[in-house]
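Notes for the one structure printed next.
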Amino acid sequence: MSQEHIVSVRVYVLIFLALMVLTAATVITAKYDLTVIWGPLNAIVALTIAVIKATLVVLYFMHVRYSSKLTQVVVFSGVLWLIIMVAFTMMDYLTRHGWPEPNL
Amino acid sequence: MEATAVSTATESRENYLNINYGWKSWLFTVDHKRIAILYLASITFFFFIGGAYAGAVRLELLTPAGDLVQADTYNRLFTMHGVFMVFLVLIPSIPATLGNFLLPLMIGAKDLAFPRINLLSWYIYMLGAACIVYAALAGGVDTGWTFYPPYSSIYSNSQVLAAGVGIFIAGFSSILTGLNFIVTVHTMRAPGMTWFRMPLFVWATYATSIIQILGTPVIAVTVLALALERLFHIGIFDPKMGGDPVLFQHLFWFYSHPAVYIMILPAMGVISELIANMTRKKIFGYKFVAFSSLAIAIFGFLVWGHHLFTSSQSVYAGIVFSILSYILGVPSAIKTFNWTATLYKGSMSYETPMLYAFGFLGLFVIGGMTGLFLAALGLDIHLHDTYFVVAHFHYIMVGGVLMGYLGGLHYWWPKISGKMYPEFWGRLSALFVFVGFNLTFFPQFLLGYMGMPRRYHAYPDDTLWQVLNVMSTAGASVLGVGYILPMLYFAWSMKYGKTASANPWPASGLEWQAASPPTTFNFDTTPVVTWEAYDFNHVKELKEGNSASPQEQTV
Ligand SMILES: [Cu+2]
C-alpha cells in the first residue's frame, strides 16, 4: 500500500517544465485585457491555469497518482467538499438579482 | 472454562484502572480507555458549567419582567450556555468518551491507530477549553453562540476573540479524533472483522469522523476570518467595509449544520447497540442502518441554507435547501423504522439503558418532525428565531444526544468501571430526565408558536405565557436532578457497586468478551471473528460454554 514508488528524474523535470510554462502563460494572459470579451474572463483563465498547476503538483510531486485508492479518495473528497461549499454558496449569490420572483 | 474463571475474578486481576495509580499515570497515559475517562471527567465538568448558565436563564424567565438580570447579562448567559454546551460538551461527548473507549474494543484492537495523537487531542481540547473558560471569567460573550457579524466583528465589546480562539483550538482536537478513528477502522480490525460484521456504533462513529474531518476546518477558517475583521478591520463580513454578513452565515452553517450530525450520529449508534442488545435480536436491516449513517454524513453537508431563510438569501437557493432538508429526513426515518422493527417480537428487558433508548426514540421523533416544520420555507418565516426553534434543537441535542449518551454510559458502565450501577436509581434517573425534559421543552414549542422570540430576557405580562415559562423552569430543575443522580451513583458504584461480570446483560459484541474492566491491551490474544454482528446464538453458546471462546480458538 505505502511502499515507496520511485519516480524517475525525467518525470520530475517534465512536470517542472510544465509548471514553468504554465507560469509564463499566467503572466502573459494577465497582460491582455480579456474583460473586453467577457467580464470575468481574466479571472477564469488565471484560475484555470492555477488549478491545472495544483493538480500536477498533487499528482506527481505529492505522489497521489501512485498512492492507494484510499488516499486518492481522501484527496478527491477534500476537493469535492470545497466545490460543494463554493457552489452551494454561489447558488445563493448568483440568483439574488435579475431573476423573476418565483411563483410559489 | 478457563476464560470465564479468569473474568469473574475481578478483584485481584490486573486491569487498565488498577495497573498503576498517581496523576502521572493518567496525564501521560496513551491507553484509549484512560483517555476516554479523562474526556468523561472534563466533559462532565463543562456540562455542569453549561447547565449552571441554563439554570440562570430559566430563573430569569420565571417572571415576565426582566428583573433578575439586565438584558446585557442575559445575552452573556445564554451565549456562554451555548458555547460551553455545543463546543465543549455535545461535539466531543459520545465520540471522545464512549467512542474512544469502545472503538478498539469493538473491532478487536489493542488501541487506536495513533495513541499519542489521541492523548494530544485531549490536551488540545483542554487548551481550547481554557480559552473559553477565560472568556467566561473575563465577562463572557454576548453575541449568541452563532457569532453573527457585523455585531460580533465590530460592535460587541465582549470576549468574542477569546471564545473564538478557544473554538478554533478545540476544533483541532475534534479533527484529530476523527482522523484517528478513521485510520483505526481501516487498519486495526481483528481477523474476520469484516466491514459488515462491525457493530453499528462503529459505523456511526466512522461516519461522524468523516464529518469531523471535512467540516471542522471550515469553522476554523470562519472564526479566523471573523478574528481578522475584528482585529484588523479587514472587510470580509461587514457591509460597511465591503463585506457580506450572509457569507459568514453560509460558512458558519456549512460546519454547524453537519455539527448537529457530529452530535446525533454517535447517539444513533449507541441506540442501535442498546436496542439490538436489550431485545436480544439481530437488528432489523443492518445494512440500511449502516449506510444511512454514511448518507447522513455526506448529504448533511447539502442543507445548511435552511438556517438562512430569513437572512436575505435568494429564494431560489432557499427552495433547493428546503427540498434537500426534507430529503435528509429519509435516512433518519430509515433508522427509526428499523429500530422499531427490531423491537417487534424481541425479548425485551427494561433495564436503565433501554429506558433511555425508549426516551431517545420518542424525543428524537418529535425533534426530527419539528425540524421539517422549520425546513418549510413559508412556516419558517413565522417560526424563525422563536422558542419553537429552541425547543426543536433541544429535542435533538438534549432529548437525542444526551439520552443516547446517558443510555450508553449506563449500558457500558460495567465495562468501563467493572461495577454495576444501582438499577433502581438508574431507572429513577431515566424517569426524571424524561419527565423533566418534556416539562422543560414542550411548553417552548407552544411559546414559540405563539410568537415568543428567543434570546429575550423579558416577555409580555400574559398569564398563559408565564404559566408555560414557569412549567419550563420547573422542568429544568427536575432535569437537573436527573443529571446529578447518575453522577452520584456512578461515583458511588466505583466503591460500593456489585462487581460486574465480563458480559452482564448478556450482549453481543467483542467488547463484552474482554474482561470488565479490560486489561490495558484489551484482549489477551487477538480475537478471531467468525460470526455476524448481533449474533445472539453465538452469545448464548459462549454463556453456556458450549463453544470455545474466541480467545482460545486462536491459541
Ligand atoms: Cu440545520
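Computed from a prediction, not measured in an experiment: that's the story for all the values here. Computed over heavy atoms, backbone and side chain alike; hydrogens, waters and symmetry mates excluded. In what follows, every chain begins at residue 1, and chains take the letters A, B, ... in the order their sequences are listed.
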- Message: So does A/M85 get a backbone contact from the side chain of A/T89, meaning a donor-acceptor N/O pair under 3.5 Å?
- Response: yes
- Under 3.5 Å side-chain donor-acceptor pair for A/T71 and A/S68: yes
- Message: Determine whether a donor-acceptor pair (N or O, by modelled atom type, separation under 3.5 Å) exists between the side chain of B/S322 and the backbone of B/A376.
- Response: no
- Message: With side-chain hydrogen bond (donor to acceptor under 3.5 Å, both in side chains) as the criterion, how do A/T23 and A/K53 come out once you've worked through the C-alpha distance, each side chain's angles and the decisive distance to 0.1 Å?
- Response: CA-CA 9 Å; A/T23 308; A/K53 286 165 71 181; 3.2 Å; yes
- Could you look at B/L308 and say if it's the side chain, the backbone, both or neither that has a heavy atom under 4.5 Å from chain A? neither
- Flag, side chain of B/Q212 to backbone of B/I262, donor-acceptor distance under 3.5 Å: no
- Is there a donor-acceptor pair closer than 3.5 Å between any side-chain N or O of B/S152 and the backbone N or O of B/F147? yes
- Item | Part of residues 240-256 of chain B lying next to chain A, heavy-atom separation under 4.5 Å | B/D244, B/V246, B/L247, B/H250, B/L251, B/F254
